[in-house]
Amino acid sequence: MKIGIVGCAGRMGQMLVREVLQTPGAQLAGGTERPGTDVIGRDIGEIVGFGKLGIAVSASASEMFHHVDAVIDFTVPPASVEHAKIAAELGKVLIIGTTGMSDVHSRQVEECAQKSRIVTAPNFSLGVAVAMAVVEQVAAILDDAYDIEVVEMHHRHKIDAPSGTALGLGRAAAKGRGVVLDEVACKSRDGQVGARHRGEIGFATLRGGDVVGDHTVLFAADGERFEITHKASSRQIFAKGAVRAALWCKGKKHGLYTMKDVLGL
Ligand code: NAD
């Protein structure tokens with residue numbers, strides 16, 4: 001499968017390039033970056049420390065989409081929506097790892113998936129996909145005497161909060177409980193906020209250092225606390241999952257998929 005990486009000079013972009021180069025059945029066929037950045041025209045292999053590959057970083061996503069079977073996108077929400085539109089126009093596979101999408105962005109991506117195959121996940125690691133499935137099950141068993149709180153920590157450069165993974169874990173808990181996350185979520189607390197509401201799903205965000213991504217879902221009741229924790233120590237796990245998702249799309253029908261589909265959970 002010929003794979004292109006948009007945002008190929010970013011933290012995740014570089015990981016993705018290396019992962020594609022090392023994955024049997026995957027072939028690196030292009031990479032783009034934001035128009036105007038100084039990496040445009042440079043050799044992608046040299047950027048990621050693999051030596052010259054003869055593939056230059058392009059500023060044109062639409063041109064790259066023409067030459068590939070699948071594109072992997074870990075960039076910013078407006079760019080991912082534009083890439084989804086191109087994928088729909090050309091019927092290509094698109095894997096989106098970008099987080100911080102608004103409801104409008106998510107709806108636009110969903111529409112584009114009617115004419116392409118798109119896999120989105122706030123977290124492409126296998127462990128988090130399993131954690132989400134477990135959280136949903138636990139939330140279905142424990143009633144709202146158990147207060148649910150999602151705690152996450154990431155490196156100091158992360159620009160969105162709570163993390164997409166924390167929100168995904170919150171959505172899994174809400175689903176298990178049969179409620180809608182937006183109706184019960186408390187995304188921050190500051191000052192005289194009053195006592196906790198029963199049934200609330202709370203979030204706490206920590207930022208600092210080079211933490212790749214720690215997430216804990218707590219179920220706290222009188223007399224006991226039950227915690228489900230995932231800790232990522234390398235970004236490579238996200239790149240591995242994203243490339244696996246791209247290869248999985250081969251032969252699939254148009255539609256919007258998640259890592260749950262890719263892993264058959
Ligand atoms: P980063 O800032 O290092 O990289 C983003 C790259 O995208 C930059 O190089 C930027 O120049 C490029 N970019 C922006 N607009 C572009 C455009 N229009 N065309 C081409 N390139 C463009 O950020 P990062 O740490 O790599 O994270 C990127 C995103 O991936 C964030 O939303 C982050 O939360 C998310 N992320 C998701 C997962 C997951 O498993 N789903 C894991 C890690 C990070």
Side-chain angles (χ1 to χ4, degrees), residues 4-19 30-42 44 47-48 56-65 68 71-87 94-102 105-106 108-109 118-132 152-169 171 205 207 209-215 230-246 256-260 262-263:
I5 309 294
V6 287
C8 63
R11 277 182 292 267
M12 277 308 300
Q14 294 193 35
M15 285 279 170
L16 288 157
V17 167
R18 285 189 215 109
E19 191 61 34
T32 72
E33 255 301 333
R34 224 162 6 101
T37 47
D38 57 4
V39 293
I40 305 295
R42 280 187 57 197
I44 298 177
I47 291 173
V48 304
V57 179
S58 162
S60 168
S62 51
E63 200 182 291
M64 186 186 76
F65 265 86
V68 301
V71 168
I72 306 181
D73 178 338
F74 283 59
T75 59
V76 290
S80 297
V81 169
E82 284 314 305
H83 297 141
K85 288 179 185 169
I86 304 171
L94 178 63
I95 310 303
I96 302 179
T98 307
T99 61
M101 295 261 198
S102 67
H105 291 138
S106 300
Q108 286 174 312
V109 168
I118 301 182
V119 182
T120 63
N123 191 311
F124 274 95
S125 88
L126 175 63
V128 163
V130 173
M132 286 197 187
E152 60 110 331
M153 179 160 188
H154 281 86
H155 53 89
R156 61 171 76 91
H157 304 289
K158 187 160 178 63
I159 56 172
D160 53 316
S163 72
T165 305
L167 293 170
L169 288 163
R171 262 191 298 279
T205 300
R207 292 285 175 266
D210 59 356
V211 178
V212 174
D214 292 354
H215 294 87
H230 179 272
K231 293 186 181 189
S233 48
S234 161
R235 285 195 176 80
Q236 204 65 38
I237 55 162
F238 309 130
K240 260 189 202 317
V243 174
R244 181 169 170 166
L256 186 65
Y257 299 100
T258 67
M259 274 309 268
K260 241 177 152 178
V262 174
L263 300 172

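Atoms within a ligand are numbered from 1 in the order they appear, just like the ligands themselves.
For T165 (side chain) and P122 (main-chain N/O), a donor-acceptor pair under 3.5 Å exists by modelled atom type.
Summary of contacts: the protein heavy atom closest to atom 35 (C) of ligand 1 is G97 O, 3.5 Å. Nearest protein heavy-atom neighbour of atom 7 (O) of ligand 1: T75 CG2, 3.5 Å. In terms of protein heavy atoms, atom 33 (C) of ligand 1 is closest to T99 OG1, 3.7 Å. In this structure, atom 28 (C) of ligand 1 lies nearest to the protein heavy atom F74 O, 3.5 Å. Ranking protein heavy atoms by distance to atom 40 (O) of ligand 1, first place goes to F124 N, 2.8 Å. In this structure, atom 8 (C) of ligand 1 lies nearest to the protein heavy atom E33 OE2, 3.6 Å. With respect to atom 4 (O) of ligand 1, the closest heavy atom belonging to the protein is G10 CA, 3.4 Å. Regarding atom 3 (O) of ligand 1, its nearest protein heavy-atom neighbour is R11 N, 2.8 Å.
Looking at every heavy atom in both residues, M153 comes nearest to V211 through O-CG1, 3.5 Å. Nearest heavy-atom pair across I96 and M101 is CG2-CE, 3.8 Å.
Separation of atoms CD1 (I86) and CD (E63) is listed at 11.0 Å; rounding is to 0.5 Å. How far CG of N123 is from OG1 of T258: 12.0 Å, rounded to the nearest 0.5 Å. Going from atom NZ of K85 over to atom OG of S80 covers 12.0 Å, rounded to the nearest 0.5 Å.
Ligand 1 is never approached by T37 to a heavy-atom distance shorter than 4.0 Å. Contact annotation: A121 has at least one heavy atom less than 4.0 Å from an atom of ligand 1. Not a single heavy atom of H157 sits under 4.0 Å from any atom of ligand 1.
Taking every heavy atom of V76 and a limit of under 4.0 angstrom, the matching atoms of ligand 1 come to 14 (C), 15 (N). Each of the following atoms of ligand 1 lies closer than 4.0 Å to a heavy atom of K158: 34 (O).
The closest side-chain heavy-atom distance from V6 to M64 is below 4.5 Å.
Considering R11, K240, Q14 in turn, R11 is the only one that fulfils the side-chain contact (heavy atoms from CB on, under 4.5 Å) rule with R235. Each of H215, K158, R207 was evaluated against S163; a single residue qualifies, H215, per the side-chain hydrogen bond (donor to acceptor under 3.5 Å, both in side chains) test.
No N or O atom of F238 sits closer than 3.5 Å to an N or O atom of ligand 1. Residue contacts with ligand 1: T32 is placed with no nitrogen or oxygen under 3.5 Å of a nitrogen or oxygen of the ligand (distance criterion only). Not one N or O of R235 is nearer than 3.5 Å to an N or O of ligand 1, by distance alone. Between M12 and ligand 1, an N or O atom pair is found at a separation short of 3.5 Å. For P35, no nitrogen or oxygen atom sits less than 3.5 Å from a nitrogen or oxygen atom of ligand 1, counting backbone and side chain alike.
Counting heavy atoms closer than 4.0 Å to ligand 1, residue P122 contributes backbone atoms (N, CA, C, O) but none from C-beta onward.
For the residue pair S102 and H105, a side-chain donor N or O sits within less than 3.5 Å of a side-chain acceptor on the partner.
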